[in-house]
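Predicted model only: the values in this text are computed from it and were never measured. Count residues from 1 along the sequence.
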Amino acid sequence: MEGLWGWALLLLGLLLVLMELSPTVKFQVKIVFYCLLCLLASGAASLLCLLKHRGRTVNNMSIIKRFVQTFKYIYGLKFELKGLEKFETEGPCVIISNHQSILDMMGLMEILPDRCIQIAKKELMYMGTVGLVMYLGGVIFINRKRTSTAMSALTEVGDTMVKENLKVWIYPEGTRNGNGDLLPFKKGAFHLAIHSKVPIIPVVYSSYTSFYRPETKLFTSGTIKVEVLDPIETKGMTAENVPELMERCHSIMRESFFSLSNFPNKANGAHGTTPAPAQ
């Protein structure tokens with residue numbers, strides 16, 4: 001047994017040395033540890049959810065939230081929050097936010113309001129304990145590859161949202177995007193809000209590029225600025241108003257994203273560029 005501990009300590013020491021010498025090794029170790037942390041925390045949270053609430057319910061999100069909020073201390077991340085009082089609107093709503101990386105879960109749980117469920121791609125359901133805890137927390141899984149099925153699911157979500165007075169969180173870009181800009185939005189969130197006659201509340205997270213860049217293997221501590229923008233009413237709108245509503249939300253979120261990130265304002269520029277952080 002002592003021999004095994006000796007080898008374990010030797011390997012740990014070697015790994016620490018490699019992390020100091022190689023940014024790539026350091027980055028990969030942090031990512032692997034983050035994934036393991038997610039799996040372990042999800043397992044523990046799932047057990048507590050089952051013990052306290054006996055199954056799937058949005059009320060489990062309060063338990064999940066407490067677990068994930070500890071991650072920021074491990075990774076040295078700070079959050080600067082603005083506008084959280086705008087979540088206090090009565091009744092259901094659709095919350096939309098930009099989507100940058102696997103680290104978004106920490107930002108989500110940092111400000112997640114009560115009785116809020118998320119929309120996620122169906123593939124996440126099969127990610128072991130992570131999929132289990134998402135299911136227990138009331139996350140709605142949709143098949144993004146089948147547009148008709150996804151739209152039908154969103155309609156059902158809208159009816160449930162109104163009936164049970166829930167908030168629904170959606171990433172309208174549809175995929176993670178760390179290129180220093182916002183991707184064009186998909187229509188689902190806006191159809192959902194108009195169908196259900198509920199307001200949209202945009203949320204913007206500043207760029208992670210000052211501390212997290214997979215292409216350069218950068219992963220250090222840092223600060224994430226978060227701003228909750230004013231609710232946008234959808235009463236009186238129809239499906240014909242979706243493009244206009246989508247463009248309005250994209251424009252104000254993009255402007256806020258550049259401002260929070262201290263990027264030059266390129267709101268009228270092309271998508272897909274990577275503005276350099278202000279010095």
Check the angle between the aromatic planes of Tyr208 and Tyr212 and answer parallel, tilted or perpendicular using the 30° and 60° thresholds. perpendicular
Answer yes if Phe33 and Phe67 sit in the same cluster of Ile, Leu, Val, Met, Phe, Trp and Tyr residues linked by side chain heavy atoms under 4.5 Å apart, and no otherwise. no
Do Thr57 side-chain atoms and Asn59 backbone N/O form a donor-acceptor pair below 3.5 Å? yes
Co-membership, hydrophobic cluster, residues Ile95 and Val228, 4.5 Å side-chain: yes
Under a single-linkage definition using a 4.5 Å side-chain heavy-atom cutoff for Ile, Leu, Val, Met, Phe, Trp and Tyr, are Met105 and Trp169 assigned to the same hydrophobic cluster? yes
Roughly how far, to the nearest 0.5 Å, is the CE atom of Met253 from the CD1 atom of Ile200? 10.0 Å
So how far is it from Ser206 OG to Leu260 CG, rounded to the nearest 0.5 Å? 6.0 Å
Cluster check Ile102, Leu40: I/L/V/M/F/W/Y, side chain < 4.5 angstrom: no
Ser207 side chain to Gly180 main-chain N or O, any donor-acceptor pair under 3.5 Å? no
Mind listing the closest non-hydrogen atom pair of Thr89 and Lys167 along with its distance? O-NZ, 4.1 Å
Test side chain to side chain contact (heavy atoms under 4.5 Å, CB included) applied to Phe211 and Leu103, step by step: CA-CA 12 Å; Phe211 65 88; Leu103 304 183; 4.2 Å; yes
Sequence neighbours excluded, which residues qualify as ring-ring contact (aromatic ring centres under 6.0 Å, His included) partners of Tyr75? Tyr34, Phe219
Residue pairs meeting salt bridge (charged side-chain N to carboxylate O under 4.0 Å, His left out), one or both in residues 84-93, sequence neighbours left out, come to Lys86-Asp230
Check for a donor-acceptor pair, side chain of Ser196 on one end and backbone N or O of Ala193 on the other, with a separation under 3.5 Å. no
What closest approach, in Å, do Met161 and Val168 show between heavy atoms, and which atom pair accounts for it? SD-CG2, 3.5 Å
Side-chain touch Tyr135/Ser46, heavy atoms, less than 4.5 angstrom: no
Does a sphere of radius 6.0 Å around NZ in Lys65 hold more than 12 heavy atoms from other residues, nucleotides or ligands, not counting ones at 6.0 Å or beyond? yes
Would you say Leu81 ends up clustered with Met106 if hydrophobic residues are merged whenever their side chains have heavy atoms under 4.5 Å apart, either directly or through other cluster members? yes
Report the residue from Val133, Leu48, Leu136 that forms a side chain to side chain contact (heavy atoms under 4.5 Å, CB included) with Ile64. Val133
Are Phe258 and Asp181 side-chain neighbours, meaning at least one heavy-atom pair lies under 4.5 Å? yes
So do the side chains of Ile96 and Val203 get within less than 4.5 Å of each other, counting heavy atoms only? no
Using a 3.5 Å distance criterion without hydrogens, assess whether the side chain of Thr160 forms a donor-acceptor pair with backbone atoms of Glu156. yes
If the test is ring pair (Phe, Tyr, Trp, His ring centres under 6.0 Å), which one of Phe185, Phe190, Phe257 qualifies with His250? Phe185
Is any side-chain heavy atom of Leu77 less than 4.5 Å from a side-chain heavy atom of Thr223? no
Under 4.5 Å side-chain heavy-atom separation, chaining through any Ile, Leu, Val, Met, Phe, Trp or Tyr, what else clusters with Leu36? Say none if it is isolated. Val32
One should read off an interatomic distance between Leu37 CG and Ile74 CD1, to the nearest 0.5 angstrom, of 4.5 Å
What pairs of residues pass the salt bridge (charged side-chain N to carboxylate O under 4.0 Å, His left out) test when at least one of them lies in residues 102-124, not counting sequence neighbours? Lys72-Glu110
Evaluate the criterion side chain to side chain contact (heavy atoms under 4.5 Å, CB included) for residue pair Val94 and Thr234; output intermediate values, then yes/no. CA-CA 10 Å; Val94 173; Thr234 64; over 6 Å; no
Assess whether atom CE of Met127 is packed by more than 12 heavy atoms of other residues, nucleotides or ligands within 6.0 Å. no
For Lys52, which residues count as a salt bridge (Lys or Arg N to Asp or Glu O under 4.0 Å) partner, sequence neighbours excluded? none
Can you tell me if Gln100 uses its side chain to pair, donor with acceptor, with the backbone of Gly178 under 3.5 Å? no
Search all heavy atoms of Tyr205 against all heavy atoms of Ser97 and return the closest pair with its distance. CE1-CB, 4.1 Å
Nearest heavy-atom pair of Val162 and Pro92: which atoms, and what distance? CA-CG, 4.1 Å
Do the non-hydrogen side-chain atoms of Gln118 and Met134 ever get within less than 4.5 Å of each other? no
Side chain to side chain contact (heavy atoms under 4.5 Å, CB included), that's the test. Do Val58 and Cys116 meet it? Break it down for me. CA-CA 7 Å; Val58 68; Cys116 182; 5.7 Å; no
Is any side-chain heavy atom of Val130 closer than 4.5 Å to one of Leu124? no
ring-ring contact (aromatic ring centres under 6.0 Å, His included) against His191, all qualifying residues, sequence neighbours excluded: none
Can you give me the closest heavy-atom contact between Val139 and Arg56, atom names plus distance? O-NH2, 3.0 Å
Output for pair (Lys186 NZ, Met246 CE), nearest 0.5 Å, gives 10.0 Å
When rounded to the nearest 0.5 Å, the distance separating OG1 of Thr220 from CZ of Arg213 is 11.5 Å
The reported gap from CG in Leu112 to OG in Ser62 (rounded to nearest 0.5 angstrom) is 9.5 Å
Walk me through it: do Tyr171 and Ile119 pass the test side chain to side chain contact (heavy atoms under 4.5 Å, CB included)? CA-CA 8 Å; Tyr171 296 108; Ile119 304 292; over 6 Å; no
Could you check if a side-chain atom of Lys82 sits within less than 4.5 angstrom of a side-chain atom of Val226, using non-hydrogen atoms only? no
Can you find a pair of side-chain heavy atoms, one from Asn98 and one from Asn177, that are under 4.5 Å apart? no
Nearest heavy-atom pair of Ser42 and Thr129: which atoms, and what distance? CB-O, 3.3 Å
